[in-house]
J.: 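Following this message is one structure expressed as structure tokens.
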Amino acid sequence: MRTHIVLLGVVLALSLPLWSSHKVQPFNIKPGLWQTTVATASGELALPAEMLNRLTPEQRARLEERRKADSHTRTYKRCLTRQQLAKPDFTLDRQCTWTTLAASSSKIKGNASCNYRDSGMKLTGSGKFVALDREHVKGSVEMIATSRGRSVDTIKNFTSRWLGSSCGRVK
């Protein structure tokens with residue numbers, strides 16, 4: 001699903017340091033091999049209250065089961081080079097933009113927006129990222145995907161840890 005790819009890209013990109021036209025300290029993490037575990041929880045379809053009130057208990061239960069089925073955990077590795085840390089790309093998707101609202105050497109907060117004109121889907125949301133130290137990062141990304149008059153909210157909580165300065169074959 002495209003939303004998972006985009007949100008994963010946002011999580012990956014936001015573990016990079018931050019540079020902008022404002023005087024901002026870079027996100028103080030080490031270059032090298034990082035392992036990230038992302039726990040994803042998708043919310044209910046945003047249905048109008050009058051529609052939800054018309055659902056039977058069985059229909060509501062099926063809707064909740066579908067939401068739970070969309071929840072999962074994924075672990076992956078990514079190499080962050082000194083060059084990437086010096087000139088980060090926060091979108092990883094040309095149809096998305098990232099706006100930094102606040103940043104320091106240990107925290108980043110901002111908004112993300114994606115517009116997929118070909119499918120009519122839009123994503124909007126926010127992210128918070130904390131460098132616990134130079135080798136550990138945690139955070140969350142909350143996004144709402146809207147398409148054809150329906151919306152789904154997704155929350156991704158993640159933890160990242162530095163594995164070492166050598167990335168081997170991991171990109």
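In this chain, numbering begins with 1 at the start of the sequence shown. Just so we're clear, the structure is a prediction, and the values are computed from it rather than from any experiment.
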J.: Ignoring hydrogens, what is the shortest heavy-atom contact between Met143 and Gly125? Give both atom names and the distance.
T.: SD-CA, 3.6 Å
J.: Any chance you could lay out the side chain to side chain contact (heavy atoms under 4.5 Å, CB included) test for Ile155 and Glu142, step after step, and finish with the verdict?
T.: CA-CA 4 Å; Ile155 299 173; Glu142 298 179 25; 4.0 Å; yes
J.: Applying side chain to side chain donor-acceptor pair (under 3.5 Å), can you list everything that pairs with Thr146, at least two apart in sequence or on another chain?
T.: Ser151
J.: Between Thr159 and Lys138, do the side chains contain a donor N or O and an acceptor N or O under 3.5 Å apart?
T.: no
J.: Just how far is it from atom NZ of Lys77 to atom CH2 of Trp34, taken to the nearest 0.5 Å?
T.: 14.0 Å
J.: Could I get the full list of side-chain contact (heavy atoms from CB on, under 4.5 Å) partners for Ser147, not counting sequence neighbours?
T.: Met121
J.: Calculate, to the nearest 0.5 Å, the distance between atoms NZ and OG1 belonging to Lys156 and Thr73 respectively.
T.: 9.5 Å
J.: For Ser165, check side chain to side chain donor-acceptor pair (under 3.5 Å) against everything at least two apart and list the hits.
T.: none
J.: Closest approach of Cys167 and Leu33, non-hydrogen atoms and distance?
T.: SG-N, 3.6 Å
J.: Considering only heavy atoms from C-beta outward, does the side chain of Asn111 approach that of Thr124 to under 4.5 Å?
T.: no
J.: Taking it one step at a time, do Val38 and Tyr76 satisfy side chain to side chain contact (heavy atoms under 4.5 Å, CB included)?
T.: CA-CA 9 Å; Val38 180; Tyr76 59 90; 3.7 Å; yes
J.: Indicate, with yes or no, if Leu101 and Val141 share a hydrophobic cluster defined by side-chain heavy-atom contacts under 4.5 Å among Ile, Leu, Val, Met, Phe, Trp and Tyr.
T.: no
J.: Please tabulate, for side-chain N and O atoms in residues 128-136, each donor-acceptor pair with protein atoms closer than 3.5 Å (sequence neighbours left out).
T.:
from: Asp133; atom 1: OD1; to: Glu135; atom 2: N; distance (Å): 2.8
from: Asp133; atom 1: OD1; to: His136; atom 2: N; distance (Å): 2.9
from: Asp133; atom 1: OD1; to: His136; atom 2: ND1; distance (Å): 2.9
from: Asp133; atom 1: OD2; to: His136; atom 2: ND1; distance (Å): 3.2
from: Arg134; atom 1: NE; to: Asn28; atom 2: OD1; distance (Å): 3.1
from: Glu135; atom 1: OE2; to: Lys30; atom 2: NZ; distance (Å): 2.4

J.: According to side chain to side chain donor-acceptor pair (under 3.5 Å), who are the partners of Gln35, at least two apart in sequence or on a separate chain?
T.: none
J.: Are the side chains of Val137 and Trp162 in contact, using a 4.5 Å heavy-atom criterion?
T.: no
J.: Just wondering, more than 12 heavy atoms not from Ile144 lying within 6.0 Å of its CD1?
T.: no
J.: Who are the side chain to side chain donor-acceptor pair (under 3.5 Å) partners of Ser113, not counting sequence neighbours?
T.: none
J.: Find the distance between CZ (Arg148) and OG (Ser119) and round it off to the nearest 0.5 Å.
T.: 7.5 Å
J.: Show the numbers, then the answer: is there a side chain to side chain contact (heavy atoms under 4.5 Å, CB included) between Cys96 and Tyr116?
T.: CA-CA 9 Å; Cys96 299; Tyr116 297 100; 3.5 Å; yes
